[in-house]
Amino acid sequence: MTIIPATVADVPALNILVNSAYRGESSKKGWTTEADLLGGVRTTEEVLATQLTNPAATILTIRADDQLKGCVFLEQQGDDLYLGMLTVDPLSQAQGIGRKLIDASEQYALARGCSAVIMTVITLRHELIAWYERRGYQRTGILKPFPKDPSFGAPKQELNFEVLKKTL
């Protein structure tokens, strides 16, 4: 498997991948679905293109046999690296791809002088929080409201994020 930064040419494939892993019926083939919590799309090509033009950010991709299998959004925020949109193709989950992306993200953070990796996870995603905890991330108790921005999805119930952190 190859991990490389995304380019603008990857935007259409990234959009399909992320939305298929988080929302809709296709996402229910994997364990990371948010389809029961949120409607709408997880991202758009416009959002992804904007993320790729941010000089403090990148999207790492992982490929096997030239097939896009996963991605992760990373943004340096002071001494921390924000990790978001960790995505693995629903049919390729439970094969260590997510772990490889986490490891690459932590190496990326260290190479940029970051002292910690932070992320936000929907508080109702207990199995996902437990997965991150097994990888050394700790719950901070810091809660953030879910955005009221429809481009991020339409909540089917009241949702909040919790900040998780791993000191490197």
Side-chain angles (χ1 to χ4, degrees), residues 6 11-52 54 56-62 68-78 80-102 105-106 109 116-167:
V11 166
L14 287 168
N15 189 49
I16 291 168
L17 172 71
V18 172
N19 284 303
S20 73
Y22 282 96
R23 308 285 163 77
E25 286 304 309
S26 63
S27 71
K28 293 180 180 180
K29 295 175 184 170
W31 69 274
T32 60
T33 183
E34 295 175 344
D36 294 333
L37 301 173
L38 294 151
V41 296
R42 170 62 176 83
T43 194
T44 65
E45 288 188 18
E46 293 77 21
V47 168
L48 291 163
T50 299
Q51 289 175 328
L52 287 174
N54 177 348
T58 193
I59 298 174
L60 296 181
T61 64
I62 188 166
L68 183 61
K69 296 294 184 181
C71 67
V72 62
F73 171 75
L74 304 172
E75 182 179 28
Q76 188 160 357
Q77 299 176 349
D80 295 334
L81 183 75
Y82 175 78
L83 182 153
M85 201 174 66
L86 178 64
T87 306
V88 176
D89 172 68
L91 299 177
S92 301
Q93 292 181 10
Q95 297 177 14
I97 294 170
R99 185 174 299 123
K100 284 179 172 52
L101 284 168
I102 291 279
S105 299
E106 292 170 2
V117 176
I118 58 170
M119 67 179 73
T120 56
V121 180
I122 295 173
T123 56
L124 296 176
R125 301 294 315 279
H126 306 290
E127 72 288 349
L128 188 56
I129 291 171
W131 187 84
Y132 285 121
E133 287 178 316
R134 289 191 300 274
R135 274 135 201 90
Y137 289 80
Q138 297 179 341
R139 299 177 85 156
T140 64
I142 300 169
L143 299 179
K144 295 184 174 191
F146 191 85
K148 303 282 188 221
D149 181 351
S151 69
F152 199 77
K156 296 179 179 180
Q157 60 188 293
E158 186 69 28
L159 297 175
N160 291 293
F161 287 118
E162 182 170 359
V163 177
L164 303 183
K165 182 175 184 175
K166 181 176 182 178
T167 301

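Predicted model only: the values in this text are computed from it and were never measured.
- Closest approach of Ser20 and Pro90 over heavy atoms only: O-CG, 3.4 Å.
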Side chain to side chain contact (heavy atoms under 4.5 Å, CB included) evaluation trace for Phe161 with Ile122 = CA-CA 4 Å; Phe161 287 118; Ile122 295 173; 3.7 Å; yes
Going through the distances and angles, do Tyr137 and Ile102 end up as a side chain to side chain contact (heavy atoms under 4.5 Å, CB included)?
-> CA-CA 11 Å; Tyr137 289 80; Ile102 291 279; 4.0 Å; yes
Steps toward side chain to side chain contact (heavy atoms under 4.5 Å, CB included) verdict (Leu48, Met85) = CA-CA 11 Å; Leu48 291 163; Met85 201 174 66; 3.6 Å; yes
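- Among residues two or more places apart in sequence or in another chain, the side chain to side chain contact (heavy atoms under 4.5 Å, CB included) test is passed with Thr44 by Val41, Glu46, Val47.
- Heavy atoms only, all atoms of each residue included: Ala57 and Gln51 are closest at CB-O, 3.9 Å.
- Atoms CG and OG1, from Asp80 and Thr167 in turn, are 8.5 Å apart once rounded to the nearest 0.5 Å.
- Looking at every heavy atom in both residues, Val18 comes nearest to Cys71 through CG2-SG, 3.8 Å.
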Pair Ile118-Gln77, side chain to side chain contact (heavy atoms under 4.5 Å, CB included): steps then yes or no = CA-CA 9 Å; Ile118 58 170; Gln77 299 176 349; 3.7 Å; yes
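- In this structure, CD1 on Ile129 lies 6.0 Å from CG on Leu164, to the nearest 0.5 angstrom.
- Put simply, CD on Glu45 and CD1 on Ile16 are 7.5 Å apart, with the number rounded to the nearest 0.5 Å.
- When all heavy atoms of Ala6 and Thr61 are compared, the pair lying nearest together is CB-CG2, 3.7 Å.
- Residues meeting the side chain to side chain contact (heavy atoms under 4.5 Å, CB included) test with Gln138, sequence neighbours left out: none.
- Between the NZ atom of Lys69 and the CD1 atom of Ile62 there is a distance of 10.5 Å, given to the nearest 0.5 Å.
- The distance from the CE atom of Met119 to the CG atom of Leu81 is 10.0 Å, given to the nearest 0.5 Å.
- Comment: Arg135 does not engage Glu133 in a salt bridge, judged by the lack of any side-chain N to carboxylate O separation of less than 4.0 angstrom.
- Taking CG from Leu17 and CG from Leu68, the interatomic distance works out to 5.0 Å, rounded to the nearest 0.5 Å.
- Counting all heavy atoms, side chain and backbone alike, Gly136 lies closest to Lys166 at O-CG, 3.6 Å.
- When all heavy atoms are compared, the tightest approach of Leu74 to Ser105 is CD2-OG, 3.5 Å.
- Using modelled atom types, one side-chain atom of Thr140 and one backbone atom of Val163 make a donor-acceptor pair closer than 3.5 Å.
- Within the 3.5 Å criterion, the main-chain N or O of Thr43 finds a donor-acceptor partner in the side chain of Asn19.
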